Amino acid sequence: MVTGPSSGSASEAQSGDAAARIGKDRPKTGITTWQILGAFSLLSSATFTATAFSVVSTKIIALVAGTEGMAIMGLYRNLGGWIAGTLTLGYDTIFFQRISAARTREQTGKIISAAFCLLVLQFLVISFVAVAFAGPLTNWLFGPTNTPGQVRDVRIVLLMAFFNLLFLILMTLIKGQTNFKIVVVVQIAQAAASLLLVYPLLKLGNQGFALYIGAGSLVSSVLGLFFLWKIYRPSLDESSLRQGWRVLREGTSSSLLLSVQIMARLGCLLAVQTMVARHYGMSALGNYSAALLLIDTCTTALGMATRNYLLPTMGLADAQAEKVKVFSRMLSIFLIALTTAGALFICAAPYVIRLFFSSRFTPAIDLLAILSLAFPGIAFAGSCATFLLHKNNMRLYCALDIIGAAVLLAGVFLSIYAGFSLVAIAWAYAFSWLFCGILFTSILVWKHGKVLLSPINSYLGVLSVMILVTAYEISRVRFSILLP
């Protein structure tokens, strides 16, 4: 069973008594559909609860700062996400794989020491980038007419990106042993802290936008550190740090592959927003960011629940048939959940936009309906990507994801070059994800056999597309949503 790079020998994995396992709620094999659904419901509902706080925060930003404020926040969020995503170096995935399979405190201790070493390196790199490259980054985001205040804000975004990295690593270490209740508490704490801080930070102007990027992570990381200590009681002495450094070095090849994938995907999203801002204006970018934020929030909430349960469960399953059964059932649940969300977004797009933002975001109604058509592709691509990660097939996973990012970027570029309206950018996004879904599924079936694509999931995929397209056509008539 492949559990990830440097997962240790079989003898190490089997050493120690079962009572030495750290996680108290590790999923067992022989999982029924209702057990999978229960775990998925717990994780997704917790994420949606935290998301509700985030949505209220976004609503406050939209009401107080308007479309231009949403545009600036979108740029800063993507910059912070790109920096943080790049500097994870793929080790969040590697740590997740390894700690999910850990059986003893010694094994978890090595991973925690490795995480500490990585955080030190990340802080040093971010500090260097903030000093040496804040100016060029500001030119890229705002053009050559940027101000010294914007350069300062970019430096703040970079600092906040480190706290987002800290929060990400802490959550990876905690959820790797399926401590679901603690994950829920820390997750909600982050969103609640962001909600409480958003209005005071907005009063600071653009500097407040930059601080908001990592304010919630800064506060919740304190709570995360407390729980990490309570669960693992890690030791960071010289011997442990040396072992942690060896873990980092052993995962270098996989880390490089994942880093390229992360840079390509997040760089693509940031490039798309930059092109939209330059060719359609900041107000258009604000509307696009608002619609995309709802899509990303939904897919992140449901996708995290899928991945956080699927990876550890497949890691514990010894039989291939059990892995396939868990994968197929989780894909069905994920697809049904996203289809339901997509139909709701499409049919109630005007009300959703006005509820979460304001009447000033009316152009986002069209964008939200079209972007929702991407959900079937996201369900298949996301589930298949998780299976590839479980199989430690990093090269194939990274190659397929980079191809998907390139398709999106090409579609956006061609739409702008042809002089199409902003709505065409949403169509490029939807089609790129549908393409990714087909590509990931086809390659996975070719690589691991047709058994991975059950007939029911094939029918559900086709039915999902038909439902969302029908809902879109009905919404066009009812709400006068026009094709580009």
Side-chain angles (χ1 to χ4, degrees), residues 61 65 67-90 92 118-168 194 201-202 204-218 256 258-286 288-289 292-293 296 402 405-406 408-409 412-413 416 425:
I61 296 172
T67 55
E68 290 195 6
M70 284 295 298
I72 294 173
M73 185 63 73
L75 288 173
Y76 285 167
R77 274 176 171 159
N78 279 282
L79 174 62
W82 181 61
I83 294 295
T86 300
L87 290 182
T88 58
L89 301 173
D92 58 326
L118 178 64
L119 285 169
V120 172
L121 291 175
Q122 289 168 337
F123 180 77
L124 293 175
V125 172
I126 285 178
S127 299
F128 174 74
V129 172
V131 172
F133 295 102
L137 285 173
T138 308
N139 287 338
W140 184 35
L141 292 175
F142 298 102
T145 59
N146 62 83
T147 64
Q150 290 173 325
V151 177
R152 175 206 60 203
D153 294 342
V154 166
R155 288 195 172 103
I156 294 175
V157 171
L158 295 174
L159 176 62
M160 293 297 103
F162 171 75
F163 293 113
N164 289 335
L165 282 169
L166 175 60
F167 178 77
L168 173 64
S194 298
L201 290 176
L202 288 178
L204 298 177
N206 288 347
Q207 186 176 359
F209 284 109
L211 287 168
Y212 178 76
I213 297 302
S217 295
L218 173 60
L256 290 175
L258 290 168
S259 297
V260 171
Q261 176 263 331
I262 292 169
M263 289 178 65
R265 171 60 67 178
L266 295 179
C268 169
L269 295 178
L270 187 59
V272 168
Q273 291 213 329
T274 302
M275 287 192 290
V276 169
R278 292 184 177 181
H279 291 276
Y280 298 105
M282 294 297 285
S283 180
L285 176 59
Y288 178 78
S289 297
L292 189 60
L293 179 62
D296 287 344
I402 290 173
L408 171 60
L409 196 60
V412 171
F413 176 80
I416 292 174
I425 307 301

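On a predicted model such as this, the values are computed, not experimentally measured, just so you know.
By the side chain to side chain donor-acceptor pair (under 3.5 Å) test, N139 pairs with N146, sequence neighbours left out. For V120, the side chain to side chain contact (heavy atoms under 4.5 Å, CB included) partners are F116, L124, not counting sequence neighbours. For L168, the side chain to side chain contact (heavy atoms under 4.5 Å, CB included) criterion is met by T88, D92, T172, not counting sequence neighbours. The side chain to side chain contact (heavy atoms under 4.5 Å, CB included) test applied to F162 returns L119, F123, I126, not counting sequence neighbours. For F133, the ring-ring contact (aromatic ring centres under 6.0 Å, His included) criterion is met by F128, not counting sequence neighbours. Every residue two or more places apart in sequence or in another chain was checked for a ring-ring contact (aromatic ring centres under 6.0 Å, His included) with Y288, and none qualifies. With sequence neighbours left out, the side chain to side chain donor-acceptor pair (under 3.5 Å) criterion links D153 to no other residue.
Residue pairs meeting the salt bridge (charged side-chain N to carboxylate O under 4.0 Å, His left out) criterion with at least one member in residues 120-133, sequence neighbours excluded, do not occur. Screening residues 70-82 for salt bridge (charged side-chain N to carboxylate O under 4.0 Å, His left out), with sequence neighbours left out, gives no hits. Residue pairs meeting the salt bridge (charged side-chain N to carboxylate O under 4.0 Å, His left out) criterion with at least one member in residues 137-148, sequence neighbours excluded, do not occur. Applying the side chain to side chain donor-acceptor pair (under 3.5 Å) test to every pair with at least one member in residues 155-164, sequence neighbours left out, gives these pairs: N164-S217.
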Point to revise | Evaluation steps, side chain to side chain contact (heavy atoms under 4.5 Å, CB included), between I83 and L165 | key: CA-CA 9 Å; I83 294 295; L165 282 169; 5.8 Å; no
Exercise for review: May I have the step-by-step check of side chain to side chain contact (heavy atoms under 4.5 Å, CB included) for Y280 and I416, ending in yes or no?
Suggested key: CA-CA 9 Å; Y280 298 105; I416 292 174; 3.8 Å; yes
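Residues Q122 and L166 are not in side-chain contact: their nearest non-hydrogen atoms beyond the backbone lie 4.5 Å or more apart. Taking the side chain as every heavy atom from C-beta outward, I156 and Y76 never approach each other to under 4.5 Å. Using a 4.5 Å cut-off on side-chain heavy atoms (C-beta onward), F209 and L202 make contact. Inter-residue side-chain proximity for L118 and L87 is flagged as unmet; no heavy-atom pair is nearer than 4.5 Å. Annotation: side chain of I72 is in contact with side chain of M282 (closest heavy-atom distance under 4.5 Å).
Between M73 atom CE and L293 atom CG the span is 10.5 Å, to the nearest 0.5 Å. Taking CG of L79 as the start and CD1 of I213 as the end, the distance is 8.5 Å to the nearest 0.5 Å. We find the CD1-CG distance between I425 and L408 to be 9.0 Å, quoted to the nearest 0.5 Å.
Contact detail for I61 and Y212: the closest heavy-atom pair is CD1-CE2, 4.1 Å. Summarising the geometry of L201 relative to A215, their closest heavy-atom pair is CD1-CB, 4.0 Å, with the distance given to 0.1 Å. Pairing each heavy atom of S194 with each of G216, the nearest pair is OG-CA, 3.3 Å. Nearest heavy-atom pair, A84 versus A161, reported as atom, atom and distance to 0.1 Å: CB-O, 4.0 Å.
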Let me check something: any side-chain donor-acceptor pairs from residues 260-277 under 3.5 Å, sequence neighbours excluded? List them with distances.
{"from": "Q261", "atom 1": "NE2", "to": "D401", "atom 2": "OD2", "distance (Å)": "2.6"}
{"from": "R265", "atom 1": "NH2", "to": "D401", "atom 2": "O", "distance (Å)": "3.4"}
{"from": "R265", "atom 1": "NH2", "to": "D401", "atom 2": "OD1", "distance (Å)": "3.3"}
{"from": "Q273", "atom 1": "OE1", "to": "N78", "atom 2": "ND2", "distance (Å)": "2.6"}
{"from": "Q273", "atom 1": "NE2", "to": "S289", "atom 2": "OG", "distance (Å)": "3.2"}
{"from": "T274", "atom 1": "OG1", "to": "L270", "atom 2": "O", "distance (Å)": "2.9"}

